[in-house]
Amino acid sequence: MPELPEVERAARRLRRVAVGRQIARIELLHPALQRQVSALDVASLTGCTIVAVEQQAKHQRVVLNDGRSMHVHFRMAGDWDVGISDDALPRHARAVLSLEDGGRVTLVDPRALSTLQIFAAGAIPKARLGPNPFSKQFTADWLGTALKRRRGAIKPVLLDQGVVAGVGNIYAAEALWEARISPRAIASKLSAPRRLALVGAIRIALRRGRGTRSRYNEAFEGRFRVYDRAGEACPRCGSTIRRIVQAGRSTYYCPRCQAR
DNA sequence: GGTCGCCTGGTA
DNA sequence: TACCAGGCGACC
C-alpha cells in the first residue's frame, strides 16, 4: 500500500528490526523476483550485516556492510511483514529475509509487482527524482519550473516522480481537492498562487496520510476526502464527487470545488 | 502526452 | 465474467 507515507512507515519498521543484524538467509519465492536477481547473488547476501535502511520517496535501500545495497520498490501493493522465523508465512509472501537473531521480514505483495535489485558497492542508480515534498526545495517556484513545459492536465503530471517525489494516485487527487484545483487544469497554466496552494496541499494530504493510518483514525476521520468516493458528497460543499480516467488512472474530484 | 504490460486478487 | 487496483518503464 505504497505512497510516501506508507513507504516511510514500512521502511521504519524494517529499520527497527534489521539494522545491525546479520542476514541468515534470503529466499525469493516468486518467479518474477527470481528473474530479477540471480540465485548466486541472493546466496551471496547470507552473512552480510545490514548497516542502514535508507528511504527516498517510494524507494528503499538496504545498505550492507560490504558496501552493496539491496533496493526494494513496492510498486502497487508491496509491504513488509515483520515477525519471527517460527511464524507461519503470511499470505502473498514473495521474499523472505531471515535474520541471525531469529527475526524475519517478509515482502508481502498480492500483485507480485514489487521489485528487488542488488547493487554493487558505489553503484548509484536512483531514478531521477524531484524534491521531497517536505523539503525546502519544494516550492511554488520549483513547480513553476517543473510545470513550465507541461501542456497536459495537472493530475497525471503530479504522478511524475521527477516533479515531486512520493506522490501517487491517491494523494495527487487528495492534494488537488485540498487546493481546489481541477485535475484537468493545464499544468503549465497554473498561476503562482495556485502553485503555492498546491505545495501546501500536497503536504497537508501527505501529512494526513501519515497520521490517518490506524484503523481507529480511519474510522474516526474517514479515509480520504475524494479518493474512491465517487457518488458521495464532497465533504466541503456537498456536491457529488466524480470519477474520471486520466492517463489510464482513476481521478476523483469535486466538480464544484474544483471547477476549471 | 496516452496505452500496454507486468501480476494477482477482490468485488460487482 | 469483467473490471478495478495506492507504480512505473517501455512503447507510440
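Lettering follows sequence order; numbering is per chain, from 1.
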Using atom CD of A:Q117 as one end and atom P of C:dC8 as the other, report the distance to the nearest whole Å. 13 Å

Whole-Å distance separating the CD1 atom of A:I170 from the C1' atom of C:dA5: 10 Å

Considering only Ile, Leu, Val, Met, Phe, Trp and Tyr, and joining two whenever side-chain heavy atoms are under 4.5 Å apart, list the other residues clustered with A:L29. A:L89, A:V96

Does a side-chain N or O from A:S250 land closer than 4.0 Å to OP1 or OP2 of C:dA5, or not? yes

Return the set of residues passing side-chain contact (heavy atoms from CB on, under 4.5 Å) with A:E174 (not counting sequence neighbours), or none when no residue passes. A:I170, A:A205, A:F224, A:R225, A:V226, A:Y227

Quick one: salt bridge (charged side-chain N to carboxylate O under 4.0 Å, His left out) partners of A:R243, sequence neighbours excluded? none

List, by chain and then residue number, the residues other than A:Y253 in its hydrophobic cluster (Ile/Leu/Val/Met/Phe/Trp/Tyr, side-chain heavy atoms under 4.5 Å); write none if there are no others. A:I244

Please enumerate all residues that pass side-chain hydrogen bond (donor to acceptor under 3.5 Å, both in side chains) together with A:R203, with sequence neighbours excluded. none

Which pairs, with at least one residue in residues 44-55 of chain A and sequence neighbours excluded, count as a side-chain hydrogen bond (donor to acceptor under 3.5 Å, both in side chains)? A:S44-A:R68, A:E54-A:R61

Among A:L190, A:V164, A:V163, side-chain contact (heavy atoms from CB on, under 4.5 Å) partner for A:L143: A:V163

ring-ring contact (aromatic ring centres under 6.0 Å, His included) against A:H73, all qualifying residues, sequence neighbours excluded: A:H59

CG of A:D228 versus P of C:dC4: gap in Å, rounded? 12 Å

Indicate whether OP1 or OP2 belonging to C:dA5 is found under 4.0 Å from a side-chain N or O atom of A:Y252. yes

Got a sec, which residues hit salt bridge (charged side-chain N to carboxylate O under 4.0 Å, His left out) with A:D101, two or more places apart in sequence or on another chain? A:R21

Dump the pairs, protein N or O against N or O of nucleotides 1-5 of chain B, anything under 3.5 Å, distances to one decimal.
| residue | atom | partner | partner atom | Å |
| --- | --- | --- | --- | --- |
| B:dG1 | OP2 | A:R150 | NH1 | 2.6 |

Spacing of the P atoms in B:dG5 and C:dC4 (rounded, Å): 16 Å

So what stems show up for DNA chain C if we need 3 or more Watson-Crick or G-U pairs in a row, all under 3.5 Å? B:1-6 with C:7-12, B:8-12 with C:1-5

For A:T145, give me all partners under side-chain contact (heavy atoms from CB on, under 4.5 Å), at least two apart in sequence or on another chain. none

Value in whole Å for how far the P atom of C:dC8 lies from CZ of A:R249: 9 Å

What is the distance from CE of A:M76 to P of C:dG9, rounded to the nearest Å? 14 Å

Would you say CZ of A:R15 has more than 12 non-hydrogen atoms from neighbouring residues, nucleotides or ligands within 6.0 angstrom? yes

Along nucleotides 7-12 of chain B, 5' to 3', which nucleotides get a B, which get an S, and which get a -, given that the test is a protein heavy-atom distance under 4.0 Å? BBSS--

What is the separation between atom CZ on A:F74 and atom P on C:dC8, rounded to the nearest whole Å? 13 Å

Between B:dG1 and C:dA5, how far is it from one C1' atom to the other, in whole Å? 23 Å

